[in-house]
Amino acid sequence: MDQREIKQKLKEIAIAVEGTGHPVVFTSIFGSHNYGLECENSDLDVYVVVMPTVTTFMNMKDAIVTKNIADCEVVVCDIRKFVQLMGRGQFRECEALRSRYLQPTEEYQPLTDALITLFHDYEGINEWRWHLLRAVHGQTSSYLSRLAEEKQKDVSDHSKASKYAATLMYFSQFAERYFQHGESFEQAIVNNDEFLVYLKNDAIPFPPMALLEMGQEIEARWPQFAPLDDGISKRWRADSEKDYQY
């Protein structure tokens, strides 16, 4: 799926969500198409942020749900829940907000702009970065346990294990680029490493045991991060603001 097709798909999904009575703030994507790790059979992971309806305004029931729309798995998230998750440094929400495929609606463009500004100017920026770091490490650890489960299965199809190992490696490399090397978030999420692409798409026939050992080594070598002092925070924010000009 090329960029034009992705953007067209997002428009189609936005119309469908609007039809359910939820005003759309923006549509975006998360996952392999953001990273540069997609293949011909990769699913398109779509994220839609909506305003609350009169009914949902009174509570946060079903504030974030997953639906199948236009042959895509679509996360539909109430704007209040989205800001809460983003403020906690949840990787998926931050990724969706800074995706190059972000499509804000005309009515809510100022609100989307404000969210992007919040992404850079979040108070207690060091605390927010630690939230993000913990969230990324949590995802990494979860894929190690999935690899261990796959190793126990007596199946000939090891594609899940390959994908898990690649995802574990991806998050480790993201952490190094973003937290250690000072790359912008947008630059750090892209990974065109050829080995990683082949591994994710099961083009390298590693047995599950080898994949588990690879995952354990990645986890053992998880980057050791220096304390996020004020100097690091200021440099990071300055670089982020330079990378995104309104």
Side-chain angles (χ1 to χ4, degrees), residues 28-39 42 45 85-101 116 119-120 122 124-148 161-204 206 210-244:
S28 188
I29 69 170
F30 60 97
S32 58
H33 285 84
N34 271 338
Y35 310 153
L37 297 178
E38 75 278 5
C39 64
S42 292
D45 299 310
L85 293 170
M86 189 187 71
R88 291 175 181 170
Q90 294 301 301
F91 183 84
R92 182 178 67 177
E93 280 64 34
C94 296
E95 177 194 349
L97 181 63
R98 297 318 309 268
S99 169
R100 64 185 184 277
Y101 294 104
I116 294 172
F119 185 94
H120 293 311
Y122 190 84
I125 200 70
N126 283 331
E127 181 182 353
W128 179 85
R129 277 163 61 77
W130 274 117
H131 280 307
L132 177 60
L133 180 60
R134 285 193 291 267
V136 171
H137 186 247
Q139 293 201 39
T140 304
S141 301
S142 74
Y143 280 98
L144 187 62
S145 62
R146 295 185 203 185
L147 270 175
S162 295
K163 184 176 181 179
Y164 293 158
T167 305
L168 193 156
M169 185 179 295
Y170 168 80
F171 279 115
S172 178
Q173 291 179 359
F174 165 81
E176 290 180 352
R177 292 194 301 274
Y178 184 64
F179 292 100
Q180 286 189 321
H181 301 160
E183 294 184 23
S184 69
F185 190 91
E186 293 81 356
Q187 291 172 325
I189 66 172
V190 176
N191 191 329
N192 294 314
D193 184 291
E194 194 172 79
F195 174 78
L196 203 56
V197 173
Y198 285 138
L199 180 61
K200 176 182 178 293
N201 296 316
D202 198 29
I204 304 175
F206 287 133
L211 291 169
L212 178 59
E213 290 175 354
M214 182 187 303
Q216 290 170 336
E217 184 179 347
I218 293 169
E219 175 71 4
R221 291 189 294 111
W222 176 259
Q224 299 299 310
F225 298 99
L228 296 175
D229 58 39
D230 289 340
I232 293 173
S233 176
K234 290 175 182 176
R235 288 195 301 275
W236 172 81
R237 185 157 63 181
D239 289 342
S240 297
E241 290 171 349
K242 180 178 63 178
D243 289 333
Y244 193 93

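Throughout, residue positions are numbered sequentially from 1 according to the sequence presented. Treat the numbers as computed from the prediction; the structure is a model and nothing was measured.
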Kindly give the heavy-atom pair with the smallest separation between [X] and [Y], and that separation in Å.
| X | Y | result |
| --- | --- | --- |
| Glu95 | Gly31 | OE2-N, 2.7 Å |
| Val136 | Phe171 | CG1-O, 3.7 Å |
| Leu168 | Gly215 | CD2-O, 3.9 Å |
| Leu211 | Ala165 | CD2-CB, 3.9 Å |
| Thr140 | Glu219 | CG2-OE1, 3.7 Å |
| Gln216 | Leu144 | N-CD1, 3.5 Å |

Examine the side chains of Asn191 and Gln173 and answer whether a donor and an acceptor come within less than 3.5 Å of each other.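 Yes - a donor-acceptor pair under 3.5 Å links their side chains.
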
Strictly by modelled atom types, are His131 and Arg134 linked by a side-chain donor-acceptor pair under 3.5 Å?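 Checked: His131/Arg134 side chains pair up, N/O donor to acceptor below 3.5 Å.
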
Determine yes or no for a side-chain-to-main-chain donor-acceptor pair under 3.5 angstrom, with [X] supplying the side chain and [Y] the backbone.
| X | Y | value |
| --- | --- | --- |
| Ser142 | Gln139 | yes |
| Tyr178 | Gln187 | no |
| Trp128 | Met86 | yes |

Reported [atom1]-to-[atom2] distance for the pair [X] and [Y], which is rounded to 0.5 angstrom:
| X | Y | atom1 | atom2 | result |
| --- | --- | --- | --- | --- |
| Phe206 | Leu199 | CZ | CG | 7.0 Å |
| Glu176 | Trp222 | CD | CH2 | 8.5 Å |
| Arg92 | Asn34 | CZ | CG | 13.0 Å |

Heavy-atom side-chain proximity of [X] to [Y] below 4.5 angstrom:
| X | Y | result |
| --- | --- | --- |
| Tyr170 | Ile189 | yes |
| Phe195 | Met169 | yes |
| Tyr35 | Leu196 | no |
| Ser28 | Leu97 | no |

Using the test side-chain contact (heavy atoms from CB on, under 4.5 Å), find all partners of His33 that sit at least two apart in sequence or belong to another chain.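 In terms of side-chain contact (heavy atoms from CB on, under 4.5 Å), with neighbours along the sequence ignored, His33 is linked to Met1, Ile6, Ile29, Glu38, Ser42, Leu44.
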
Row check, Phe185 ring normal vs Arg98 NZ/CZ: under 6.0 Å, within 45°: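 Because its charged atom misses either the 6.0 Å distance or the 45° angle limit, Arg98 does not stack over Phe185.
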
Check the angle between the aromatic planes of Phe91 and Phe174 and answer parallel, tilted or perpendicular using the 30° and 60° thresholds.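 Geometry flag for Phe174 against Phe91: perpendicular rings.
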
Please walk me through it: do Arg146 and Thr167 pass side chain to side chain contact (heavy atoms under 4.5 Å, CB included)? CA-CA 11 Å; Arg146 295 185 203 185; Thr167 305; over 6 Å; no

